[in-house]
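Data first, discussion second: the structure below is written as structure tokens.
Ligands are counted one by one from 1 in listed order, and the atoms in each one are counted from 1 as well. No experiment lies behind these values; they were computed from the predicted model shown.
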Amino acid sequence: MSTPQPNAIRHYLQFTDLSADEYAHLFARAAEIKRKFKAYEKYHPLADRTLAMIFEKASTRTRVSFEAGMYQLGGSVVHLTTGDSQLGRSEPIEDSARVISRMTDLVMIRTYGQDKIDRFAAHSRVPVINGLTNEFHPCQILADIFTFIEHRGSIQGKVVAWVGDGNNMANTWLQAAELLGFTVHLSTPSGYEVNESVAALKGTGNFKVFNDPLEACRGADLVTTDVWTSMGYEAENEARKKAFANWCVDEAMMQVAKPDALFMHCLPAHRGEEVSAEVIDGPQSVVWDEAENRMHVQKALMEFLLLGRVNA
Ligand code: CP
Ligand code: NVA
């Protein structure tokens, strides 16, 4: 990735859209922006800037973190959904991109196929951020790694155990592992494996596959999971409940991980399905810090995409 030029449009559509050096900058900025927030220090670098948020799927954390975050940076927000805009009445995504990006400074989209956000970005005059697609959830992994760093220091060389679906979160963890130099232990039920071509991995050997989820957790620094059925896959719910029955992160799995291992979950969670209540509500769980950190890292991301490297 080349050094960004002033005013060059940078999108954040996949984890690989930023370099390791840029992530180091973002994590430092997120820490400083979080400090300012906790101290009620006014910080309005995005005054007069507008963020458009487009949701084609439900959200709690992504909506609140982007909306509150943008206001806290001095900007404002426009919120659109498929149901209340022409997006739900078949206006071409390219036309929507042309129009929305003439009136706003930044766009966040949560949608289905990655091709849709790619097409939007290709016709946008302003930076576009992926707020979750079927394939990727880069803002979440940004928050997860920032949370790991806050609690344990650098993630480089560490082991992250992924227990569950080979979904958007799993794909993004794999991209992050290659870029930032850690290893993912992947355990998914048969038929729900990661499709390696989606993540377009370079083959640097940053993940290992385990049939047994307990073995994936052995020696891990971080154990993480996600819902059995992601948004858009609800028709498969009953089949997934059967296939995923043994992929519940429980105390036995946490016990074979490192003694100081953390537990994360992007939320929303289903206690008794992908994670036991004892684990998610237990002492190794950092899920509330993880959720809060969505806002701090995304404020750093919006600052970077609109203003470049700031050191205020
Ligand atoms: N983790 C996450 O993206 O949550 P929401 O679906 O509530 O935005
Ligand atoms: N994999 C989940 C993440 C939700 C934040 C989904 O796509 O529904």
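Contact check for Leu26 versus Leu142: side-chain heavy atoms found under the 4.5 Å cut-off. A 4.5 Å side-chain heavy-atom check between Lys116 and Glu56 finds at least one atom pair inside the cut-off.
In the vicinity of Asp226, heavy-atom distances shorter than 4.0 Å reach the ligand 2 atoms 1 (N), 2 (C), 3 (C). Ligand-side atoms of ligand 2 in range of Asn167: 1 (N), range being under 4.0 angstrom from any heavy atom. Heavy-atom contacts of Leu267 reach the following atoms of ligand 2: 5 (C) (cutoff under 4.0 Å).
The 4.0 Å heavy-atom shell around ligand 1 contains residues Ser59, Thr60, Arg61, Thr62, Arg110, His137, Gln140, Cys266, Leu267, Arg294, ordered by chain and number.
Distance from atom 4 (C) of ligand 2 to its nearest protein heavy atom, with residue and atom name: Leu132 CD1, 3.8 Å. Distance from atom 8 (O) of ligand 2 to its nearest protein heavy atom, with residue and atom name: Met231 N, 2.8 Å. Among all non-hydrogen protein atoms, the one lying nearest atom 7 (O) of ligand 2 is Asn168 ND2, 2.9 Å.
Looking at Asp21 and Arg309, a side-chain N of the basic residue comes within less than 4.0 Å of a carboxylate O on the acidic one, giving a salt bridge. Using a 4.0 Å cut-off between charged side-chain N and carboxylate O, Arg152 and Asp221 make no salt bridge. Look at Glu32 and Arg35 and you find a salt bridge, because one of the NZ, NE, NH1 or NH2 atoms lies within 4.0 Å of a carboxylate O, short of that distance.
Assignment of Thr62 to the shell around ligand 2 is not supported, since no heavy atom sits closer than 4.0 Å.
The side-chain tip of Lys158 does not point at the ring of Phe182 from less than 6.0 angstrom away and within 45° of straight on.
No hydrogens or angles considered: nothing links the side chains of Asn168 and Asn134 as a donor-acceptor pair under 3.5 Å.
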Which donor-acceptor pairs under 3.5 Å do side chains of residues 276-283 form with protein atoms, sequence neighbours excluded?
unit_1, atom_1, unit_2, atom_2, d
Ser276, OG, Val279, N, 3.3
Asp281, OD1, Arg271, NH2, 2.9
Asp281, OD2, Arg271, NE, 2.9

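Residue pairs meeting the ring-ring contact (aromatic ring centres under 6.0 Å, His included) criterion with at least one member in residues 70-119, sequence neighbours excluded: Phe55-His79. Sorted by first then second residue, the salt bridge (charged side-chain N to carboxylate O under 4.0 Å, His left out) pairs that include residues 163-188, not counting sequence neighbours, are Asp165-Arg240.
For the pair Thr229 and ligand 2, the shortest N or O to N or O distance does not fall below 3.5 Å.
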